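Worksheet for the structure shown next.
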Amino acid sequence: MSSLWSDLWGQRARFAVPVFLLLLWEFLARIGYLPPALLPAPSRVFMTWGDWIFGFDESAQDISGRWLGDALASSTRVFAGYSLAGVLGVTLGVSIGWWRWVEKTIEPTLQMLRPIPPVSWIPLAIIWFGIANKPAIFLVFLGSFFPILMNTIHGVKTVNRDLLRAAAMAGANEAQLLRFVVLPAAMPSIFAGLRIGVGTAWMLTVTAEMVAVKSGLGYSLWDSYYFLRYDLVIASMISIGLLGFLTDLLIKSIMNRLLRWQHAGTVQGSRA
Amino acid sequence: MSFIELNHIVKVFKDPQRGTDMLAIDNIDLSVEKKELVCLLGPSGCGKSTLLNMIAGFEKPTSGEVKVDGKLITGPGADRGMVFQQPNLMPWLPVWDNVAFALKLKGLSKKDRQAAAQPFIEAVKLNGFENHLPGELSGGMAQRVGIARALLQNPAVVLMDEPFAALDAQTKLDMQEELVTIWQRYSSTIVFVTHSVDEALILGTQVVVMTHRPGKIRETIAIDLDRPRDITSTGFNDIKRHVLDLIRQESVLAKQDA
């Protein structure tokens with residue numbers, strides 16, 4: 001325990017600014033300089049958040065003790081839309097990057113759809129899928145699909161031709177080239193796309209939940225706004241940020257495991 | 001019939017943008033017997049790599065045919081091994097997995113591939129580095145992996161495209177010496193492309209000196225000096241003087257043509 005404290009003390013420069021801001025915020029709220037209706041004190045936010053999670057004093061009213069359910073609902077939507085985007089983005093990206101005729105046939109259409117903000121699909125998503133999980137999943141898919149697709153295409157197009165020659169010499173057919181050379185070689189780019197995509201995925205779940213869904217963290221946020229519960233609004237914001245951070249951490253750790261070879265060794269060897 | 005045969009090879013590179021054709025190789029006949037170590041020697045642009053790429057199957061002759069062991073070459077394949085100028089190893093695979101890459105494509109189990117790779121890893125003296133990644137190896141070690149990979153595919157036919165050109169002088173000498181040992185041990189037939197006169201004379205049983213573009217064979221020189229070859233001996237220097245003279249004549253002709 002004492003080593004934890006000394007660790008924290010060693011890192012004090014990192015914490016100085018956020019701790020100071022929190023204390024200032026708390027102080028200004030307590031002396032009444034910040035009206036609680038506009039910006040509730042941090043202690044209040046954390047107490048309400050605690051009740052939302054554990055349900056001990058009903059200060060979060062309707063949603064007291066229901067945080068886990070909300071977080072799970074949002075996470076499920078992110079997971080569903082993001083997985084779909086990952087599978088489709090990588091498959092299509094590899095096809096577009098590898099086969100000239102696929103690129104010619106479908107890339108222009110995709111590039112035309114790409115600049116349309118995913119949010120502007122909300123009206124159509126609601127009439128197509130109704131008010132439930134599906135419009136949110138659709139939006140998450142749209143938002144994370146394009147970064148994954150674009151990065152996969154880039155990764156496939158920049159595969160070292162000499163590696164393909166070496167594999168062809170070892171007797172690889174086209175399917176084997178894709179599986180044993182192109183896909184692993186494009187992995188660093190694919191992961192760059194996956195990491196950008198997961199950020200947009202959370203952004204769009206929350207947006208969809210504000211408009212088209214009746215559960216989840218985004219819904220709680222918007223609902224609390226109607227009841228002027230800014231402590232819950234802030235607690236929702238922190239929750240979303242935290243979950244987004246954790247999912248990125250998860251993807252990063254998978255990436256570091258799979259791409260360990262990228263960090264292997266010397267400058268000389270990096271050309272090999 | 002020879003082991004490797006190139007019959008009436010002509011290669012024309014088409015340049016669709018300029019609409020001009022460039023004759024790169026002008027009617028070359030070359031036969032390589034089993035267990036020979038043939039060095040193709042010539043200035044850059046003489047078509048020596050193109051010739052090797054035809055034996056590998058990466059390039060098709062405009063006319064003429066390439067046969068290895070009586071079989072017409074139509075594309076790259078694991079019945080020949082090739083060592084490239086760069087090691088061209090899969091950076092995500094450990095040494096043993098790179099060496100046995102051809103067996104991965106055949107769907108062999110990890111255990112079988114490791115067992116098959118081991119003797120070749122030992123042949124290129126990389127014991128203890130089986131599980132290293134290419135990024136952790138020096139240039140010379142990476143090129144050894146490349147050689148082991150080619151040997152595993154087929155030690156009988158090894159094609160080498162300036163494999164030691166990027167190595168430092170000392171490593172180059174060591175590798176040349178080891179290549180001779182490996183060639184003798186596996187009774188390989190090797191076609192070795194180089195632009196270094198010394199390298200060709202240290203390694204080759206035959207040195208094929210090529211002309212400037214369009215590539216033809218200027219002269220084929222059989223070398224029966226004792227091994228290991230002494231690069232300061234009179235015999236070595238006599239041949240070297242002759243080869244350098246051929247190359248000088250070619251470069252004068254090239255300037256006249258230009």
Side-chain angles (χ1 to χ4, degrees), chain A residues 90 94 97-98 100 151-152 154-194 251-272, chain B residues 52-53 55-59 73 75-95 97-107 129 131-146 149-150 152-154 157-159 161 166-168 171:
Chain A
V90 171
V94 169
W98 185 252
R100 196 74 188 98
N151 280 282
T152 306
H154 169 78
V156 171
K157 292 209 167 213
T158 52
V159 170
N160 183 353
R161 300 279 128 190
D162 287 336
L163 293 185
L164 296 172
R165 276 158 56 91
M169 204 67 220
N173 57 33
E174 195 174 29
Q176 288 176 321
L177 284 180
L178 285 172
R179 180 177 159 201
F180 291 114
V181 185
V182 173
L183 203 60
M187 231 13 127
S189 301
I190 293 174
F191 267 102
L194 287 173
I251 292 168
K252 215 162 85 177
S253 75
I254 296 172
M255 176 177 83
N256 287 339
R257 277 183 72 91
L258 280 178
L259 300 184
R260 208 176 290 153
W261 56 270
Q262 266 203 314
H263 311 289
T266 59
V267 175
Q268 188 182 18
S270 66
R271 286 189 302 131
Chain B
L52 192 78
N53 281 333
I55 308 175
F58 290 124
E59 303 244 22
I73 298 302
D79 54 332
R80 288 143 289 155
M82 179 141 174
V83 185
F84 304 85
Q85 186 164 3
Q86 297 298 326
N88 296 347
L89 306 174
M90 310 300 155
W92 52 87
L93 297 179
V95 166
D97 218 357
N98 264 296
V99 171
F101 191 76
L103 303 179
K104 195 188 193 84
L105 300 175
K106 284 188 183 149
F129 290 95
N131 291 310
H132 279 57
L133 288 165
E136 298 167 316
L137 304 176
S138 69
M141 290 161 90
Q143 201 52 287
R144 283 162 199 267
V145 180
R149 177 174 63 184
L152 180 133
Q153 281 178 221
N154 186 1
V157 191
V158 181
L159 311 171
D161 188 7
L167 303 179
D168 65 83
T171 312

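Computed from a prediction, not measured in an experiment: that's the story for all the values here. Convention: sequence-line order gives letters A, B, ...; per-chain numbering from 1.
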Please determine if A:Arg165 forms a cation-pi arrangement with B:Phe58, meaning its NZ or CZ atom is less than 6.0 Å from the six-membered ring centre and no more than 45° off the ring axis.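 A:Arg165 over B:Phe58 ring: yes.
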Of the non-hydrogen atoms in A:Trp261 and B:Leu133, which two are nearest, and what is the gap between them?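 Minimum heavy-atom contact is CA-CD1, 3.6 Å.
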Does any backbone or side-chain atom of B:Asp97 lie under 4.5 Å from a heavy atom of chain A? Answer side chain, backbone, both or neither.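 Looking at B:Asp97, nothing touches chain A.
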Interface moiety of B:Arg80 toward chain A, non-hydrogen atoms closer than 4.5 Å: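 Interface part for B:Arg80: both.
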Specify which of B:Ala150, B:Gly146, B:Ala102 makes the most heavy-atom pairs with chain A at under 4.5 Å.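 Among B:Ala150, B:Gly146, B:Ala102, the one with the most close pairs to chain A is B:Ala102.
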Heavy-atom pairs under 4.5 Å with chain A are the metric here; pick the option from B:Gln153, B:His132, B:Lys104, B:Lys106 that has the most.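 Most heavy-atom pairs within the cutoff with chain A belong to B:Gln153.
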To the nearest 0.5 angstrom, please state how far the CD atom of B:Glu59 sits from the CD1 atom of B:Ile73.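 These two atoms lie 14.0 Å from each other.
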Set of residues satisfying side chain to side chain donor-acceptor pair (under 3.5 Å) with respect to B:Asn154, sequence neighbours excluded: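 For B:Asn154 there are no side chain to side chain donor-acceptor pair (under 3.5 Å) partners, ignoring immediate neighbours.
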